[in-house]
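Let me begin by presenting the structure, written as structure tokens, before commenting on it.
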Amino acid sequence: MSEGERLTELAKRRGFYFPSSSAYGGAAGFWTYGPQGAALKSNIEDAWRDRYVVKEGHQEISAPDIMPEPVFEASGHLDGFDDMIVECGECGATHRADHLVEDNTDIEEAESLPNEEVMDLIADHGIECPSCHTSLADQPVDNFNLMFETNIGPGSSSPGYLRPETAQGIFVEFPQLSEYARNQLPFGVAQIGKAYRNEISPRKSLVRVREFTQAELEHFIDPEEDEPPLAEVEDVTLPLYSAAAQESEDGGMQELTVREAVDQGIVESEWVAYYLGVSTEWYERVGVDMDRFRYRQHLAGERAHYASDCWDAESEVDGDWIEITGFAYRGDYDLSKHAEHSGEDYTVFKQYDEPITVERATVDPDMSYLGPEFGGDAGAVADALEALAERNPDAFDDDEVTVEVDGESHTVPVEETNFSVDEVTENGEHIRPHVVEPSFGVGRIIYTVLAHAYETDEVDGEERTYLDLPPEQAPTTVGVFPLMDKDGMAELASDIADDLRAAGLSVTYDDSGAIGRRYRRQDEVGTPYCVTIDYESLEDGEVTVRERDTTEQKRLPIDGLADRLERLATGDLTFDDL
Ligand code: AMP
């Protein structure tokens, strides 16, 4: 069994995740998180919120999943959010053309190639339909838009789309959100929520699905002035796989500190470098194995149209690299597009420290001259004069000035333009913020964390499977077991479980089956500590506490147990310290 298959089997058996709606045959790309998975997901989301919202001092919002069509016209998704599709001429199955090329050749990023080239590669490599094994040579490679369309209200006059990323719900509301931030840059707005993509071929359980949770941060900055607090993460080591290394024969990964990566120009944007540093620590915290992790820079052809510097955090599972987070410097692309399409103001007024006095050239053309002289073009000539005065005041030095309107030159005596240069006082200017975006896929992080946590060893001569999840992420922190359901042991165990829950710990109470089986069940869902109440506990007020990874056991008093377990779970105390 591959690593992924082994995980999917455990995930279903123990309640992490399983395919949805299977009573009706299911629908590919939709998964339900069971009790363990939902708890793990919520712990990972909490850890994300803690790091990217609370610790950074950002705001969090929750926008709708469905947004009207003009939003996606402006964002470019309606026109360009496509993947390459190829349909089998024999069985009609559809496939992601670039993935077929990647699976059957040495090419790693076929997505960045033009459709015709992918079509040629399919023919040249004799690639077949994975469903019926008929050759796909000469089948056209087309674009397929990934957005799910719906109608808002009855009828079809108001199309809407399930959002393909949570980000647009932030960008569209920028004017309002900027007010909440008192129009002071920099500020960040985060969102954890669902995103929907009608993927051509969902695969690898949680890795490529059609409905998934994103945790995205849009950090709005003044590109001229704002700098990230790089010193906070400058010594963090980044495993980098740059575009240059990917393109060279012998290039491999480089281990550089955040500071070195910036100084050597490997990571172009200091803001992106800052978030790579922050995120390296965060991935480690949630249980990603950093020996199976890298940051890969986008190749020039792969970069989204709006992004200037782009890196993906990738984790390795089953020998494949999976993009778990995208880090992009998006410039002012999104806010400009929404300003252009909506006509609203997507800028921030930046107050100068001191008002400044500047010379401003203006015109106030005499329309009683321009009208008779230029007829229907008079207004356009006046506008052109105004623009010219602003752009090149020297053009008004002579007696006459010439402007072009629709390719035709018009000459105007300067005295009819009322040209003047005046001193004006300015208190500030309107600027369009730039955006730095870390965009996390929560499901892929869950998949990675579980795959990397999956361990086997031998205990009492039997193979054991356990998940070495960090206690902060584990769905359950403590399993509580009465040795037997008699002589008051169950009552005492149940009281202890209640006390631990009251102290805020996540507790599972289990009284069924042999103790060894109960331990195995908790091991398989990654519960870091188990507490067993036996006959002696009734006498001496002590219980057995067992640690998951080592299976080591210690006797501890019931008194103060909650406090100790809590300190173990937060890393304040180690099992050896007990
Ligand atoms: P993107 O906007 O494509 O860079 O996606 C941002 C993040 O969302 C990725 O890094 C993934 O973690 C996640 N993601 C994107 N597409 C999917 C998908 N189909 N299934 C699961 N996660 C996804």
*Could you walk me through whether Y283 and T325 pass the side-chain hydrogen bond (donor to acceptor under 3.5 Å, both in side chains) test, one step at a time?*
CA-CA 10 Å; Y283 293 123; T325 306; 2.6 Å; yes
*With sequence neighbours excluded, what pairs up with F81 under the ring pair (Phe, Tyr, Trp, His ring centres under 6.0 Å) test?*
H77
*Please determine, by modelled atom types, if S242 and Q297 share a side-chain donor-acceptor pair under 3.5 angstrom.*
no
*Name all pairs fulfilling the salt bridge (charged side-chain N to carboxylate O under 4.0 Å, His left out) condition that reach into residues 1-10, sequence neighbours left out, sorted by first residue then second.*
E3-R292, E9-R13
*asked:* Distance check, rounded to the nearest 0.5 Å: S20 atom OG versus Y33 atom OH?
replied: 10.0 Å
Under 3.5 Å donor-acceptor pairs involving side-chain atoms of residues 542-554, not counting sequence neighbours:
unit_1 : atom_1 : unit_2 : atom_2 : d
T544   : OG1    : R555   : NH1    : 3.0
R546   : NH1    : D523   : OD1    : 3.0
R546   : NH2    : D523   : OD2    : 3.1
E547   : OE1    : T550   : OG1    : 2.5
R548   : NE     : L467   : O      : 3.2
R548   : NH1    : L467   : O      : 3.2
R548   : NH1    : L469   : O      : 3.1
R548   : NH1    : G526   : O      : 2.6
R548   : NH2    : L469   : O      : 2.8
T550   : OG1    : E552   : N      : 3.2
K554   : NZ     : F575   : O      : 2.8
K554   : NZ     : L578   : O      : 3.4

*So, the side chain of T166 versus the backbone of Q214: is there a donor-acceptor pair under 3.5 Å, distance only?*
no
*Quick one: which residue pairs count as a salt bridge (charged side-chain N to carboxylate O under 4.0 Å, His left out) with a foot in residues 557-569, not counting sequence neighbours?*
R567-D572
*From the options V258, L256, T257, select the one residue that forms a side-chain contact (heavy atoms from CB on, under 4.5 Å) with L238.*
V258
*Applying side-chain hydrogen bond (donor to acceptor under 3.5 Å, both in side chains), run through S315 and Y447 and close with a yes or a no.*
CA-CA 10 Å; S315 65; Y447 182 82; over 6 Å; no
*Under the ring pair (Phe, Tyr, Trp, His ring centres under 6.0 Å) test, which residues partner Y529, sequence neighbours left out?*
none
Could you go through residues 455-463 and list every donor-acceptor pair under 3.5 Å that involves a side-chain atom there, pairing it with any protein atom two or more places apart or in another chain?
unit_1 : atom_1 : unit_2 : atom_2 : d
D457   : OD1    : R464   : NE     : 2.9
D457   : OD2    : R464   : NH2    : 3.0

_Residues, nucleotides or ligands: over 12 heavy atoms within 6.0 Å of F30 CZ_ = yes
*ring pair (Phe, Tyr, Trp, His ring centres under 6.0 Å) involving H219 - partner list, sequence neighbours excluded*: H58, W271, Y275
_Please determine whether a side-chain nitrogen of the Lys or Arg among R296 and E109 lies less than 4.0 Å from a carboxylate oxygen of the Asp or Glu._
yes
*Could you list the residues that satisfy side chain to side chain donor-acceptor pair (under 3.5 Å) with E472, not counting sequence neighbours?*
R285
*Contacts of type side chain to side chain contact (heavy atoms under 4.5 Å, CB included), residue E45, not counting sequence neighbours*: K41, I192, T213, V442
*Pairs in or reaching into residues 508-517: which pass salt bridge (charged side-chain N to carboxylate O under 4.0 Å, His left out), with residues at least two apart or in two chains?*
D510-R521
*For Y519, enumerate each residue passing the ring pair (Phe, Tyr, Trp, His ring centres under 6.0 Å) test, keeping only those at least two apart in sequence or located in another chain.*
F481
Donor-acceptor contacts under 3.5 Å from residues 227-235 side chains, at least two apart:
unit_1 : atom_1 : unit_2 : atom_2 : d
E234   : OE1    : R259   : NE     : 3.0
E234   : OE1    : R259   : NH2    : 3.1

